[in-house]
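See structure below.
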Amino acid sequence: MAEATTTTRLKKLINSPESEVKDALAGMAAAHADLLRVEYDPNVIIRKDAPKKGKVGLVSGGGSGHEPMHGGFVGRGMLDAACPGAVFTSPTPDQMARATKAVDGGAGVLHIVKNYTGDIMNFEMAAELARAEGARVNPVITNDDVAVQDSLYTAGRRGVGVTVLLEKIVGGAAEAGYDLDKVTELAKKVNANGRSMGMALTSCTVPAAGKPTFDIADDEIELGIGIHGEPGRERTKMKSADEIAEILTSTVVKDLPFKRGDEVLAFVNGMGGTPLIELYVVYNAVNRYLSKEGIKISRSLVGSYITSLEMAGTSITLLKLDAETTKFWDAPVHTAALRWGV
Amino acid sequence: MAEATTTTRLKKLINSPESEVKDALAGMAAAHADLLRVEYDPNVIIRKDAPKKGKVGLVSGGGSGHEPMHGGFVGRGMLDAACPGAVFTSPTPDQMARATKAVDGGAGVLHIVKNYTGDIMNFEMAAELARAEGARVNPVITNDDVAVQDSLYTAGRRGVGVTVLLEKIVGGAAEAGYDLDKVTELAKKVNANGRSMGMALTSCTVPAAGKPTFDIADDEIELGIGIHGEPGRERTKMKSADEIAEILTSTVVKDLPFKRGDEVLAFVNGMGGTPLIELYVVYNAVNRYLSKEGIKISRSLVGSYITSLEMAGTSITLLKLDAETTKFWDAPVHTAALRWGV
Amino acid sequence: MTVSTAQLASWLERYAAVIAEHKQYLTGLDAAIGDGDHGINMDRGFQAVIAKMGPVRDKDAGTLLKTTGMALVSTVGGASGPLYGTFFLRAGTALDGKIEVADKELVDALEAGLKGVIDRGKANLKDKTMVDALTPALERARARLGEGASIADALSAAAEAAESGMKATIPLKALKGRASYLGERSVGHQDPGATSTFFMLRSLHEAVAEIPQGARTTTG
Amino acid sequence: MTVSTAQLASWLERYAAVIAEHKQYLTGLDAAIGDGDHGINMDRGFQAVIAKMGPVRDKDAGTLLKTTGMALVSTVGGASGPLYGTFFLRAGTALDGKIEVADKELVDALEAGLKGVIDRGKANLKDKTMVDALTPALERARARLGEGASIADALSAAAEAAESGMKATIPLKALKGRASYLGERSVGHQDPGATSTFFMLRSLHEAVAEIPQGARTTTG
Ligand SMILES: Nc1ncnc2c1ncn2[C@@H]1O[C@H](COP(=O)(O)OP(=O)(O)O)[C@@H](O)[C@H]1O
Ligand SMILES: Nc1ncnc2c1ncn2[C@@H]1O[C@H](COP(=O)(O)OP(=O)(O)O)[C@@H](O)[C@H]1O
Ligand SMILES: [Mg+2]
Ligand SMILES: [Mg+2]
Ligand SMILES: [Mg+2]
Ligand SMILES: [Mg+2]
């Protein structure tokens, strides 16, 4: 508790590292009673009107500290439940098992899992528990972070920005009546067509740790940072927004690759401590780069939707769109963080 | 430029202090072409379908660095135009004069002005120019910051969080066909029924200045901070989120005063560098405090809507609601930052 | 004696240089009791003035100063934009059509500028604003001319009076502008606008006395 | 010889204390190649184990270890939650109903736990994970028992082997878990999970050998 206290005093609006997640959940429950309800021990955020009979249930989850992801995406047209773990730590199987039960409307449940060893294993155990109780559960794993070298022999790429877009698009499809297999297939398509890369200007402090996750000099940035402050591809000198945007965007474009004539959803995300004015500066550079490449931005999202506590930085996600994904991106959504058409 | 360069390298996603505002405007124009258009020199963000014949035009403006305020509030059901000044510096009369002309649909134009000497004088000069060209212009001034001691002999209280709520509510009324006098009257009512107070955990750096606006120790916070980093009421030791929320909320409540039985809109705002998880922790404390006081939260808003660059901190705004203000708060709005009902 | 449009142009150039040189200093003063942008605002404004001056520097004094005022109004923003802008617009209007400006006409024009600042900002003496530097400066200038001093001497006295007026803002509690939000906490700090106003009058004196540029050892 | 449930309970208590003591150290190791939470995760988990142990400490070894596993699974999260959780669940299942555990039964149970870790995490030796500490430790324990050593000596050898296995992770490039994202940059750092696993085996030895608590001078 000693260092915990120091942490609290370390410039965060929290009461204690131990209470932060529950206090925030209580705040969400109070602010969004029209959209969701919150259960504690195990901690689960559940869409108010769940389970929806005959609708495929969407369950996501991950460590806390990435808000609004995932709780801010619970509601009509997106998630049925979100399972928040401790800060930067994947949630536990009992949370996902409870969420699965709570949202199962008889059409089965999709588990949306970001590709981290911990998330995978905890969701796996949850799926085993849920299936033991007779639920139909399909997992889909997001792994869109191009910063990580992929390989059969490693844990593979991290799931980052595409997760947000996938939850929206697949949520629209589930609302429209897609069955579990079609929902799963669409989810895999979205993941397959999306790529992301992020960078950090500053570190962030996990309250329970009490000190910054990593040290970084005043004139340095981390390219390819993970959303938990995992070190990235390289540590370089500070660059201009245009240079940074070009490095991230070109790496993302080359990886899929995105081609001249492609229509994309461009998502410029803030890491939590970066103000909106800077995100628009970055979006401007991304837009310029893509039009130079002949890639058409037909949809966009600019804001802090998948964050790393108070880390300053940005990530860029591109998703290649087609008629189906565009339709479900545009479909009505009503959550705390994303809302349109209703 | 020397120190400007240092600044850029000082951990901001910008190209140069000089280009930041225009780069961000270009980003907004590209990201939100469906909602707005941007004119440069003078810089104005204009609702795409302005002027709306027969509708009262709503023009707001202020220094940049408070995003999404005001550009993020341009669109159906809210502002017709926003005039972004240099960072933390009120815009110039030619900007508001141009905006007024661009949105005047024949029913007159409301100027929404935050109570800062600079904003007042620049809007005044703009109104003189616009009237000289035959426009009907009414100003409304927001001054909801309880941290500042009011007096006939001073510049009076600063306009802060209530400005956001006013722009939404009055925007709904203008959309519904209120004439200039009724719009003006409603705007004054909203301002009269709202109060705010903010605090900062950290300072922020105006790019052109190149160093933090103020120094603050690791264990200190500034209570009553202004949105330009103007020093506040007092410098105290770091406190828990519950303590901070209680200080801000109780000061706001006592000032109006808000009374047992009142229905309010509770707005917990982030200063730019504070992540959402902390804002929900604060909202939870505000909610607990108000229910203890018998004040009913019937509407809420949690997020970073009126910011101070990358400053970490929060502000709390309470607005006493009645049938009219509630109706126009709920009315459809479609802007980059606030959207519902459409 | 008279003052030429060329000397007034040199005034603006010298002032622009002083502002650029003291940008951080003025901003620092503003950070203490305001929002830390006064030097940045004034520098942005006077860079624009220099950029716009070319075509009008050989025109009459009125056009030169009105152009200056317009440039400031449309680039500075904040409180100082309308205030300095109005100052130069009103002073310029008073000098319409004049190539050579008689000593008293110059002081009258500056007086008209001060009146514009007060009309716009409603500040009283001792509110801890630029008015506290400008008012005594123009009184002294007028007095010295009355005593038969040259315009150069009169403006030198004006600059001195502006400097004391500027220093006299330190103990004051701000009643106007952003600094007024601080109440008692504004006491003990020098007002940035009064400081930039002192620089303005000092530059005017140096331009009219044709003191070689950079001769002076800078204060602040 | 046999090991009693009481000794196993003492193992868990000692391990919980060591984790608490080395929370920052483990977290620091994880910050270097992971996300800086391993010590926090393990401490949260073993505080829960201690809290839940009361009612079952006098029950059989299987119940004690399964309760431990369940507590870890439902409080730790991350990678270590399912892994340590599965380790204790499987070991506990192997000891169902036993109050006194024969030496070989204990090593067999730990072996079952290791198999659970590998089933769950799919790690191979030299992937730079806890498996690199656990595998050699259990091999040594089994070997020493075969040579007729006491369970205390066998576990002492196991702890030593775990420590070398832990140190041997330093030059490895991580192929599993978060550290694998670093590729080459993971080389030169000691794996946090292998480190907590070494602590686990050292605590087991100390509990079984009934070494007075705090006697040992802590490493790390
Ligand atoms: N009402 C007023 N009348 C005269 N001068 C004023 C008034 N309000 C502010 N000032 C002057 O403006 C200066 C601040 O200018 P500046 O920092 O550029 O604008 P802002 O306060 O909008 O940031 C103050 O130091 C003061 O001298
Ligand atoms: N697939 C795996 N198999 C075995 N152990 C693993 C595996 N992945 C990670 N680990 C162990 O888990 C440790 C990290 O645990 P922890 O930091 O608590 O979880 P997380 O990585 O989710 O933050 C690593 O040091 C490693 O020893
Ligand atoms: Mg973790
Ligand atoms: Mg200003
Ligand atoms: Mg200022
Ligand atoms: Mg970890």
Side-chain angles (χ1 to χ4, degrees), chain B residues 3 17-18 41-42 61-63 65 83 85-95 97 116-126 129 145 147-149 151 153-158 203-215 224 226-235 308, chain C residues 20 23-24 26-28 30-45 47-48 69-86 89 117 119-124 126-129 173-186 189 193:
Chain B
E3 89 256 320
E18 296 67 31
D41 304 312
C83 304
V87 171
F88 287 3
T89 300
S90 35
T92 55
D94 50 327
Q95 292 176 266
Y116 300 94
T117 303
D119 294 60
I120 299 272
M121 294 192 294
N122 285 283
F123 268 93
E124 259 174 24
M125 292 180 89
L129 294 168
D145 189 345
V148 173
Q149 310 304 342
S151 135
Y153 310 100
T154 68
R157 288 177 159 178
R158 301 175 292 221
S203 183
C204 56
T205 298
V206 175
K211 51 176 166 39
T213 302
F214 58 91
D215 297 318
I227 57 172
H228 310 91
E230 306 99 323
R233 262 194 184 189
E234 62 165 327
R235 183 67 63 96
S308 299
Chain C
K23 184 175 167 182
Q24 291 298 322
L26 291 169
T27 293
D30 192 36
I33 56 174
D35 60 349
D37 63 1
H38 185 58
I40 299 161
N41 294 344
M42 293 295 286
D43 185 52
R44 183 174 57 247
Q47 294 310 320
M70 279 312 302
L72 294 175
V73 165
S74 61
T75 55
V76 177
S80 46
L83 293 165
Y84 275 101
T86 303
L89 284 170
V117 169
D119 292 347
R120 183 60 66 195
K122 314 269 178 310
N124 304 303
K126 309 244 170 296
D127 281 356
K128 195 176 184 120
T129 72
K173 173 175 157 190
L175 295 179
K176 288 281 184 303
R178 235 178 254 289
S180 68
Y181 303 139
L182 287 185
E184 291 303 333
R185 285 170 73 177
S186 64
H189 298 276

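Just so you know, these numbers use all the heavy atoms, side chains as well, and skip hydrogens, waters and symmetry mates. Just so it is clear: chains get the letters A, B, ... in the order the sequence lines come, proteins before strands, and each one is counted from 1.
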Would a 4.5 Å heavy-atom cut-off, applied to side chains only, mark C/Leu83 and B/Met121 as touching?
-> yes

Using a 4.5 Å cut-off on heavy atoms from C-beta on, say whether the side chain of C/Arg44 contacts that of B/Thr89.
-> yes

Go through the atoms of B/Tyr116 and report whether side chain, backbone, both or neither lie under 4.5 Å from a heavy atom of chain C.
-> both

Heavy-atom pair count under 4.5 Å with chain B, highest-scoring of C/Thr27, C/Val73, C/Val76 = C/Val73

Identify which part of C/Arg185 has an atom lying under 4.5 Å from any heavy atom of chain B, answering side chain, backbone, both or neither.
-> side chain

Looking just at side-chain N and O atoms, do C/Ser74 and B/Asp94 make a donor-acceptor pair shorter than 3.5 Å?
-> no

Chain B contact via C/Ala179 - side chain, backbone, both or neither, heavy atoms under 4.5 Å = neither

At a heavy-atom separation under 4.5 Å, does C/Ser80 approach chain B through its side chain, its backbone, both, or neither?
-> neither

Could you tell me whether the side chain of B/Asn122 and the main chain of C/Gly78 form a donor-acceptor pair under 3.5 Å?
-> yes

Residues two or more places apart in sequence or in another chain: which of them pass salt bridge (charged side-chain N to carboxylate O under 4.0 Å, His left out) with B/Asp145?
-> B/Arg158

Assert top hit (heavy-atom pairs under 4.5 Å, partner chain B, pool C/Gly34, C/Gly36, C/Pro82) equals C/Pro82

What are the two closest heavy atoms between C/Arg178 and B/Phe88, and how far apart are they?
-> NH2-O, 4.2 Å

